[in-house]
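Since the structure comes first, as structure tokens, the remarks are kept for the end.
Note on naming: letters A, B, ... go to the chains in the order of the sequence lines (proteins, then strands), and numbering restarts at 1 for each one.
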Number of protein chains: 2
Amino acid sequence: MAPKTRAENRAEQTRAILDRARAQLAEVGPAALSVRQIARDVGMVSSAVYRYFPSRDELLTALIVEAYDELGAAVEAADAHVKRRTDLDKRFLAWANAIRTWALANPHEYALLYGSPVPGYVAPDDTVPAASRITGALLSLVAESELAQHVLGAPTNRLSTKERTALGPVRDAIPSPVEDERMLRWLMAWACVFGHLSLELFGHMHRGVLDYDAHFAQVTGQLAADLGLTG
Amino acid sequence: MAPKTRAENRAEQTRAILDRARAQLAEVGPAALSVRQIARDVGMVSSAVYRYFPSRDELLTALIVEAYDELGAAVEAADAHVKRRTDLDKRFLAWANAIRTWALANPHEYALLYGSPVPGYVAPDDTVPAASRITGALLSLVAESELAQHVLGAPTNRLSTKERTALGPVRDAIPSPVEDERMLRWLMAWACVFGHLSLELFGHMHRGVLDYDAHFAQVTGQLAADLGLTG
DNA sequence: ACATTTCGAGAGCAGTGCTCTTGTTTTCGT
DNA sequence: ACGAAAACAAGAGCACTGCTCTCGAAATGT
């Protein structure tokens, strides 16, 4: 029995609360997450929890950050498992499949991250850097595809001038310059992947598509082809 | 003062509750919608509301159905405003723009329909037919594009056999047969549009894209081109 | 005209997020 | 090493929620 110092104890309690909160999140979803229930489960009184998280919403954002980190780590691990780094199609598929695998394993967490924000629109808070890991992994692929001089697999319209300026920030997020049309195709792939996932996980594909795995594979394969990553 | 009959009164009260609920939904979102507050607003006691809607969830599903109907009507109206019925690209853009316009005007309703389902996964209930109006409008365009023998604007991979059988139900929802690759491209467009909308409305495009209007126009225009609707 | 159903109102229950107060314990400055 | 200061757990309490039950009053069907 080490005579726990105050900081140690605080760290332990914080973890215990977060762990129990994640478990409850997986069971009942974000809407039904109860601070009092969490307090009971970890063996303290509800008001004590507020010494660690000032409100339920802050607890939720902590869970969001944790979930983003977990998903980001999964994505990066999947990418690292592709041996030939120049196989950008494999890396793109690894990116998409990692997200889908994680989402299927943690549907409530996915809903928390990419579904409707529960307490109104969350202002730009400390969840942004964690969330950037996922898109950042994709942007790396964009840069590498540009450097590899891949030619797009589908004819792509020239960007309107408004659109060109509209994409300024995302372009700035990539160190090297990227062709207009390529940038657009990658953004479309981004929307298509998350659109598929949200439609699938939120029950909008129930009638219409039988085998989600097959459909996702077909879609992502097509996206890779459109991006010129294959061959 | 007509001596309101019982059925009349019931219809009026039901409407009053629904109207007030929609207003409150637009103000505070689905999570914070309160039966008691609605009751106060319409001038009755909370328990009286339960004579009209057996639970809060049933009230929410009624709101979902209403929202689907409103969105469906908006989509159909937008489609009807395209004079040359063979201009499938214009009709596709009308479809996409109608959804986005409605979503921007009613973000909380959009979140209710296409965001994370609030009370766990809603089982297949009476919301399905209302929801089918939106996808149904898209499927009509698929059928017409096939009949018009449009040739896809982007090279498309052959479907895997698993994928071909996976798409059985959606194919059955269209009276006339549809080419495999065309079906896939339309499903991708479907996911891409809703993916864009969810990413935009739920705040994931905040950094990255400045002008959502321009980007959406560019994306949907590209989708129409990929589907072979232009020219 | 009467029995049945429908309805509104109120009380009440169990639960929630959150605040405040009250002792107790750990930490820190001197 | 000791006393001031900060951190902490516990409990009571407030305002609120969804929902149930009972009780009278009103409209309905026969």
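Note that CH2 of Trp102(B) and OH of Tyr110(B) are 9.5 Å apart. Values are rounded to the nearest 0.5 Å. One finds the CG atom of Leu138(A) at 8.5 Å from the CG atom of Leu187(A) (value rounded to the nearest 0.5 Å). Between the CG atom of Leu199(A) and the NE2 atom of His206(A) there is a distance of 14.0 Å, given to the nearest 0.5 Å.
Put simply, Arg40(A) has a side-chain N or O that comes within less than 4.0 Å of OP1 or OP2 on dT16(C). Between Gln13(B) and dG8(C) there is a side-chain N or O to OP1 or OP2 distance below 4.0 Å.
Taking the six-membered ring for Trp and the full ring otherwise, Phe194(B) and Tyr114(B) have centroids separated by under 6.0 Å.
If you measure from atom CG of Asp57(A) to atom P of dG17(C), you get 11 Å, rounded to the nearest angstrom. Put simply, CZ on Arg6(B) is 10 Å from C1' on dG8(C), counting in whole angstrom units. Going from atom CD of Gln37(A) over to atom P of dT16(C) covers 6 Å, rounded to whole Å. Between the CZ atom of Phe53(A) and the P atom of dC18(C) there is a distance of 13 Å, given to the nearest Å.
Leu33(B) comes within 4.0 angstrom of the backbone, heavy atoms only, and of no base. Nucleic acid contact class of Tyr52(B) (heavy atoms, under 4.0 Å, all strands): sugar-phosphate only. Within the 4.0 angstrom heavy-atom criterion, base atoms lie near Val45(A).
Residues Arg51(A) and Tyr50(B) each lie close to DNA chain D; by heavy-atom proximity, the contact nearer the 5' end of the strand is made by Arg51(A).
A donor-acceptor contact shorter than 3.5 Å is absent between the side chain of Ser145(B) and the backbone of Leu141(B).
Here the closest non-hydrogen pair linking Ser160(B) and Gln218(A) is N-OE1, 3.0 Å.
In this structure the side chain of Met188(B) never reaches within 4.5 angstrom of the side chain of His196(A), judged on heavy atoms.
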Using a cut-off of under 3.5 Å, enumerate the N/O to N/O pairs linking the protein to nucleotides 11-14 of chain C.
residue : atom : partner  : partner atom : Å
dG12(C) : O6   : Arg36(B) : NH2          : 3.3

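Qualifying side chain to side chain donor-acceptor pair (under 3.5 Å) partners for Arg171(B), counting only residues two or more places apart in sequence or in other chains: Asp180(B).
Using a 4.0 Å cutoff to heavy atoms of chain A, the contacted part of DNA chain D runs 5' to 3' from dA7(D) to dG13(D).
The pair Arg133(A)-Glu70(A) does not meet the salt-bridge criterion, since no charged nitrogen lies less than 4.0 angstrom from a carboxylate oxygen.
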